[in-house]
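One structure is given below, encoded as C-alpha cells.
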Amino acid sequence: MAEHVTELAGSPAELMAALVSSEGRRNRHAVYDALRAHGGVVAAGEGLLAVLGYAECLRALREPALRVQDERSHDVVHPGWRSHSSLRGFTDSMLYTNPPDHTRLRRLVTGAFTARRVAALQPAVERLTERLLDRMDAAAAGGTPVDFMAEFAFRLPVAVIGVLLGVPEDDQVWFRAAAAEVTLALEGLTDLSRLARADAAMDELSAYFTALVEERRRRPADDMLSALVRVHDDDGDRLSGDELIGNLVLLLVAGFDTTTNLLGHALRLAFEHPAHAARLREGEPGFAAAYVEETLRVEPPVQATSRWAGAPFDLMGTPVPEGTKLLLLLAACNRDPRRHPDPHRFDPERPDNRPLSFGGGVHLCVGASLARMEATVALPRLLRRFPGIAPAGAPAYRNRLVVPGFERFPVSVPVGLAGTGHRASTC
C-alpha cells in the first residue's frame with residue numbers, strides 16, 4: 001500500500017514558505033515532491049540551498065567543506081545567541097562542533113556505542129521491554145486506554161540511555177517534558193525570542209547534570225558519566241566543564257527522543273499494515289530489522305539537518321559559494337524516486353534500503369545502532385504480548401520540521417487479549 005501524497009506546485013521560494021508553515025508541515029511530503037521537481041539541489045532563498053536528492057544529500061553529508069552550526073556561524077546569523085542557554089548548551093556539545101574539536105569530543109563517547117557494546121546491551125533491553133509490557137498490561141486492565149508514548153515508547157529508550165549514562169532510574173520520568181522543550185532549539189528558529197521554554201529546559205537539565213557530576217565525583221560508578229567526569233578532572237583541555245554538561249544533555253536527549261519517535265511511527269505503520277504486523281508478531285527471521293529500516297526511511301525521527309559552506313565547492317553540478325547554508329531535508333531524500341522506486345510505498349522488503357535518517361560522514365549519529373537494536377527487540381515483543389492492540393482515539397502530534405513525533409498515542413488492548421503473550425519476570 002502506498003501513502004497518498006497530494007500534488008502541489010509552486011516556485012521554490014513559495015514552497016519553502018509553505019514548508020515552514022504548520023499546514024505545510026502537515027503535508028510535508030507533497031511539498032518535498034514539489035520542491036524536488038525543481039531539482040535535487042534547489043535555490044530556496046538568498047544564500048540558501050535545499051537538498052532533496054538522495055545522492056546529493058549523501059555527498060553533502062560527507063563533504064569536508066561543509067560545517068555544522070558552531071560559534072562562528074551563530075555569531076554571523078544571530079549575534080545575540082549567547083543569551084540563550086539552549087543554544088549555548090548544544091553549541092558546547094559535539095552536535096554543533098566541527099573538527100578538530102568535534103573529533104576530540106566524539107572520541108570520548110564512541111566506545112559506548114560499538115557493535116560489541118550494543119550487542120552486550122541486548123539482554124538488558126529484552127528485560128526492560130518485558131518489564132514495560134507488564135506495566136502496560138496492568139494499566140490496560142478492564143479495557144482502559146493506554147498512552148503508548150508515555151508508557152512504553154518513552155520509557156524504554158530513556159531507561160537504556162539511563163543505564164549507559166548512569167542516570168538513576170527514579171530520575172528518568174521527568175526528562176521527557178524537558179527534552180521536548182529543549183529540542184525547540186534545534187528547529188532553526190529565526191526569532192530567538194521563542195526560545196524561552198527551551199532555555200528554561202536547558203537550565204533545568206544542566207542543573208540536574210551539574211549536581212549528578214558532583215555526586216559521581218564523590219561516589220564514582222561503572223558508567224559513562226563517571227568516565228567523562230574523570231576525563232574532565234584529569235585534563236580539562238580534553239573536556240571542559242561546559243562541554244561535559246553540554247554533551248551529557250545531548251546524549252540524554254538524543255539517546256531517547258529519536259528512539260521514542262521511531263517506536264511511535266513503527267506502531268502507527270503496524271496498524272496501517274496488518275500483514276506486516278503479523279509477520280513481526282510471528283517472529284519471522286530478519287523481518288523486524290527490515291521493518292525498522294523501512295520505518296526509518298519513510299519517517300526518520302530527525303527529518304532535517306543543516307550545514308554551512310566553509311569553502312566553495314561543487315555539489316554534483318551545483319556551485320556552492322562559501323557561506324551558503326544548506327538545508328538537508330533527510331525525509332525528502334529518503335523518498336527520492338531516483339534512489340527508492342515507488343518511494344511513498346511502505347515496503348520492508350525494499351532491496352538495498354539505506355536511509356539517511358541518522359545522517360552521515362563525521363556527524364553520523366553515534367547511537368544509530370543502539371536505536372535500531374532497541375526497536376528491533378521491542379516491536380515483535382509488543383505485538384506478540386498484545387495481539388489485539390489497536391488505536392484508541394486520535395494521537396496528538398508534535399508538528400515540527402526537524403524533530404516531529406507523537407506527543408500522545410492512545411491504544412487499547414481488548415479485554416481477554418492483554419497478557420495472552422509470553423509474560424517475563426521483571427528485571
Side-chain angles (χ1 to χ4, degrees), residues 109-136 148-167 169 172-173 175-176 179 223-224 250-270 276-277 280-281 283 285-302 348 353 355 357-359 364-386 389 403 405-406 409 411 421-422 424 426-427:
V109 303
T110 51
F113 299 98
T114 62
R116 180 180 61 82
R117 292 293 296 273
V118 169
L121 278 171
Q122 182 165 329
V125 172
E126 292 170 352
R127 291 192 299 271
L128 288 166
T129 297
E130 296 297 345
R131 185 173 74 175
L132 291 174
L133 294 178
D134 286 347
R135 180 187 173 91
M136 282 185 66
F148 173 72
M149 303 309 294
E151 295 300 325
F152 189 87
F154 161 70
R155 289 178 182 269
L156 176 62
V158 80
V160 174
I161 197 65
V163 169
L164 273 175
L165 282 180
V167 173
E169 183 177 355
Q172 293 170 4
V173 174
F175 289 138
R176 187 184 180 199
D223 53 42
M224 188 188 299
L250 173 66
L251 288 166
L252 172 72
V253 173
F256 77 80
D257 199 47
T258 53
T259 309
T260 295
N261 292 334
L262 170 58
L263 290 168
H265 289 303
L267 183 60
R268 174 186 66 83
L269 289 163
H276 295 330
L280 286 170
R281 188 179 297 114
F287 185 74
Y291 183 95
V292 168
E293 207 65 12
E294 181 69 346
T295 302
L296 287 167
R297 186 187 70 83
V298 301
E299 289 292 355
V302 176
N353 192 9
S357 308
F358 289 112
L364 177 70
C365 176
V366 294
S369 60
L370 180 60
R372 287 183 169 104
M373 184 270 282
E374 290 180 52
T376 301
V377 165
L379 287 168
R381 284 171 168 76
L382 170 73
L383 294 172
R384 280 198 297 271
R385 181 70 170 271
F386 303 127
I389 191 171
V403 191
F406 294 105
F409 195 162
V411 298
H422 171 67
T426 59
C427 58

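Quick note: numbers below take in every heavy atom, side chains included, and nothing from hydrogens, waters or symmetry partners. The first residue in the sequence is number 1, and the count goes up from there.
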Return the [atom1] to [atom2] distance between [X] and [Y], rounded to the nearest 0.5 Å.
X: Leu132; Y: Arg127; atom1: CG; atom2: CZ; answer: 13.0 Å
X: Arg281; Y: Leu382; atom1: CZ; atom2: CG; answer: 9.0 Å
X: Glu374; Y: Gln122; atom1: CD; atom2: CD; answer: 10.5 Å
X: Glu151; Y: Arg135; atom1: CD; atom2: CZ; answer: 4.5 Å
X: Leu267; Y: Leu280; atom1: CG; atom2: CG; answer: 10.5 Å
X: Phe406; Y: Met149; atom1: CZ; atom2: CE; answer: 7.0 Å

Heavy-atom closest contact ([X] atom, [Y] atom, distance):
X: Val118; Y: Ser369; answer: CG2-OG, 3.5 Å
X: Ala375; Y: Pro380; answer: O-CD, 4.3 Å
X: Leu383; Y: Ala277; answer: CD1-O, 3.8 Å

Would you check if the side chain of [X] reaches a backbone N or O of [Y] as a donor-acceptor pair within less than 3.5 Å?
X: Thr129; Y: Ala378; value: no
X: Ser357; Y: Leu296; value: yes
X: Arg155; Y: Ala150; value: yes

Requested in this report: Could you check whether the rings of Phe152 and Phe148 sit parallel, tilted or perpendicular, using 30° and 60° as the cut-offs?
Outcome: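 Parallel: the ring planes of Phe152 and Phe148 meet at under 30°.
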
Requested in this report: Would you please classify the geometry between the Phe287 ring and the His276 ring as parallel, tilted or perpendicular, with 30° and 60° separating the classes?
Outcome: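 His276 and Phe287: tilted rings.
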
Query raised in the report: By side chain to side chain contact (heavy atoms under 4.5 Å, CB included), which residues pair with Thr295, not counting sequence neighbours?
Result: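 Thr295: side chain to side chain contact (heavy atoms under 4.5 Å, CB included) contacts with Leu262, His265, Ala266, Leu269, Tyr291, Phe346.
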
Report task. Mind running side chain to side chain contact (heavy atoms under 4.5 Å, CB included) on Arg385 and Met136 for me, showing each step along the way? Result -> CA-CA 10 Å; Arg385 181 70 170 271; Met136 282 185 66; over 6 Å; no

Query - Short N-O contact, Arg131 and Glu169, less than 4.0 angstrom - result: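 Judged by the 4.0 Å cut-off on N to carboxylate O distance, Arg131 and Glu169 do form a salt bridge.
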
Query raised in the report: Should the pair Arg297-Glu294 be classified as a salt bridge under the 4.0 Å nitrogen-to-oxygen rule?
Result: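 A salt bridge is present here (some side-chain N lies under 4.0 Å from a carboxylate O).
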
Could you tell me whether the side chain of [Y] reaches within less than 4.5 Å of the side chain of [X], counting heavy atoms only?
X: Pro157; Y: Leu263; value: yes
X: Phe113; Y: Met224; value: yes
X: Leu164; Y: Asp223; value: no

Report task. Applying side chain to side chain contact (heavy atoms under 4.5 Å, CB included), run through Arg372 and Phe358 and close with a yes or a no. Result -> CA-CA 11 Å; Arg372 287 183 169 104; Phe358 289 112; 3.8 Å; yes

Query raised in the report: Step by step, would you call Asp257 with Arg176 a salt bridge (Lys or Arg N to Asp or Glu O under 4.0 Å)?
Result: CA-CA 8 Å; Asp257 199 47; Arg176 187 184 180 199; over 6 Å; no

Report task. Given side chain to side chain contact (heavy atoms under 4.5 Å, CB included), test Leu156 with Thr259 step by step and report yes or no. Result -> CA-CA 9 Å; Leu156 176 62; Thr259 309; over 6 Å; no

